[in-house]
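All remarks here apply to the structure that follows.
Along the sequence shown, residues are numbered consecutively beginning with 1.
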Amino acid sequence: MTASDSLEIIQSVRERRLITLGLADQVAEERWREAILPGGRTAHAMLAHLLAWDEWLTAVLELSALRPLPEKLKQPLRDVDAFNGRSIVRFDGLPRQDLLMGLQGASVRLVSALTASGGGWASRRIPDLAPSRTRPDGQPSRGPSVGGLLRTLREHEREHDEEFSAVFGVTVDLEQLREQARERGG
């Protein structure tokens, strides 16, 4: 993967987060905790688990560069539903504005964790996250790439953004968000 490809992934993650924040900001306070999203989820719950996944990936990136991952960081990929459930409970008391600020800050921390490791981060493998230690051919499993994990989380967020748009009847003008970000120096 080239440096240009890596920068493109980072840019797409930043843009996706801008869209998510733009959509969430349009949800009226009185509808914030209504269970009207697919699966009976609230806007707060959906955003809470996105925040938790950002935090998880940041921790995985930082720790895997130094040492083997603890079991606690391996578990979320093994039981996604349980991780999501714990995340929703963990952030339940967080006020709307704090959750939105947390999402914005988590995105910045995630990009910092990506770029801190220097070039080649997108193709770096995390063997501790492999579903099994060996592949069917008997070779050691290399685990998912950092770029692959990032693309998976970005796609996950895109799916939730589409749910937001459909249920709440809101859209985001990405060009307007880009302009606002440039004005703020982001």
Side-chain angles (χ1 to χ4, degrees), residues 8-62 69 72-114 126 129 131 144 146-178 180-181 184 186:
E8 195 172 304
I9 293 171
I10 288 174
Q11 183 61 26
S12 70
V13 167
R14 285 179 171 153
E15 287 179 353
R16 176 54 47 202
R17 184 51 49 89
L18 278 173
I19 291 170
T20 300
L21 291 169
L23 288 167
D25 194 48
Q26 295 180 62
V27 177
E29 184 74 38
E30 62 272 6
R31 300 197 74 198
W32 190 250
R33 292 193 183 257
E34 286 181 20
I36 60 174
L37 290 166
R41 288 171 298 154
T42 67
H44 189 90
M46 185 167 56
L47 294 171
H49 94 266
L50 289 177
L51 176 57
W53 282 108
D54 279 4
E55 290 179 343
W56 171 82
L57 185 53
T58 300
V60 164
L61 294 173
E62 291 173 347
L69 292 176
K72 188 170 188 151
L73 288 177
K74 297 176 191 177
Q75 194 59 37
L77 287 184
R78 294 182 189 142
D79 193 346
V80 170
D81 291 335
F83 180 77
N84 288 341
R86 287 189 306 274
S87 302
I88 291 166
V89 170
R90 179 176 158 214
F91 293 116
D92 186 55
L94 201 59
R96 177 180 187 265
Q97 196 58 33
D98 291 348
L99 181 57
L100 293 175
M101 288 173 54
L103 280 163
Q104 187 173 7
S107 180
V108 171
R109 286 188 306 278
L110 179 57
V111 169
S112 292
L114 290 168
I126 304 180
L129 295 179
V146 171
L149 288 169
L150 195 58
R151 284 188 293 274
T152 297
L153 291 185
R154 181 192 62 206
E155 179 62 18
H156 178 122
E157 190 165 338
R158 184 197 59 75
E159 291 168 0
H160 287 315
D161 288 348
E162 288 176 0
E163 293 171 348
F164 253 103
S165 293
V167 171
F168 291 104
V170 294
T171 58
V172 169
D173 180 344
L174 185 56
E175 285 306 314
Q176 180 183 8
L177 289 175
R178 284 180 182 142
Q180 290 170 347
R184 288 190 306 263

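Between the side chain of Ser107 and the backbone N or O of Leu103, no donor-acceptor pair lies under 3.5 Å.
Two residues are said to be in side-chain contact when any heavy atoms from C-beta on lie closer than 4.5 Å; His160 and Thr20 fail this criterion. Proximity of Leu149 to Leu129: side-chain heavy atoms (C-beta onward) are separated by under 4.5 Å at one or more points. The shortest distance between side-chain heavy atoms of Trp32 and Thr42 does not fall below 4.5 Å. Contact annotation: the side chain of Pro131 never approaches that of Leu77 to less than 4.5 Å [non-hydrogen atoms, C-beta and beyond]. Side-chain contact between Phe168 and Leu23 is absent, with no heavy atoms from C-beta onward closer than 4.5 Å. Using a 4.5 Å heavy-atom cutoff, the side chains of Arg33 and Asp92 are in contact.
Residues forming a salt bridge (charged side-chain N to carboxylate O under 4.0 Å, His left out) with Arg31 (at least two apart in sequence, or on another chain): Glu34. Every residue was checked against the ring pair (Phe, Tyr, Trp, His ring centres under 6.0 Å) condition with Phe91, not counting sequence neighbours, and none meets it.
Contacts classified as salt bridge (charged side-chain N to carboxylate O under 4.0 Å, His left out) and involving residues 46-57 (residues at least two apart or in different chains) are given here: Arg17-Asp54, Glu55-Arg90.
If you take CZ on Arg158 and CG on Leu153, they are separated by 13.5 Å, rounding to the nearest 0.5 Å. Taking CZ of Arg14 as the start and CD1 of Ile19 as the end, the distance is 14.5 Å to the nearest 0.5 Å. We find the CZ-OG1 distance between Phe164 and Thr171 to be 13.5 Å, quoted to the nearest 0.5 Å. Here the CG atom belonging to Asp81 is positioned 10.5 Å from the CZ atom belonging to Arg86, to the nearest 0.5 angstrom. Put simply, CE on Met46 and CG on Leu51 are 13.5 Å apart, with the number rounded to the nearest 0.5 Å. Note that the CG atom of Leu47 and the OG atom of Ser87 stand 12.5 Å from one another [nearest 0.5 Å].
Ring-plane geometry between His156 and Trp53 is classed as tilted, the angle between the planes lying from 30 to 60 degrees on a 0 to 90 degree scale.
Counting non-hydrogen atoms of neighbouring residues, nucleotides and ligands closer than 6.0 angstrom, the CD atom of Gln104 reaches no more than 12 such neighbours.
Pairing each heavy atom of Asp25 with each of Arg96, the nearest pair is O-NH2, 3.2 Å. The minimum heavy-atom distance linking Ala113 with Leu61 is given by the pair CB-CD1, 4.1 Å. Among all heavy-atom pairs drawn from Lys74 and Leu69, the shortest one is CE-O, 3.2 Å.
Using a 4.0 Å cut-off between a side-chain N of Lys or Arg and a carboxylate O of Asp or Glu, Glu157 and Arg154 do not qualify as a salt bridge.
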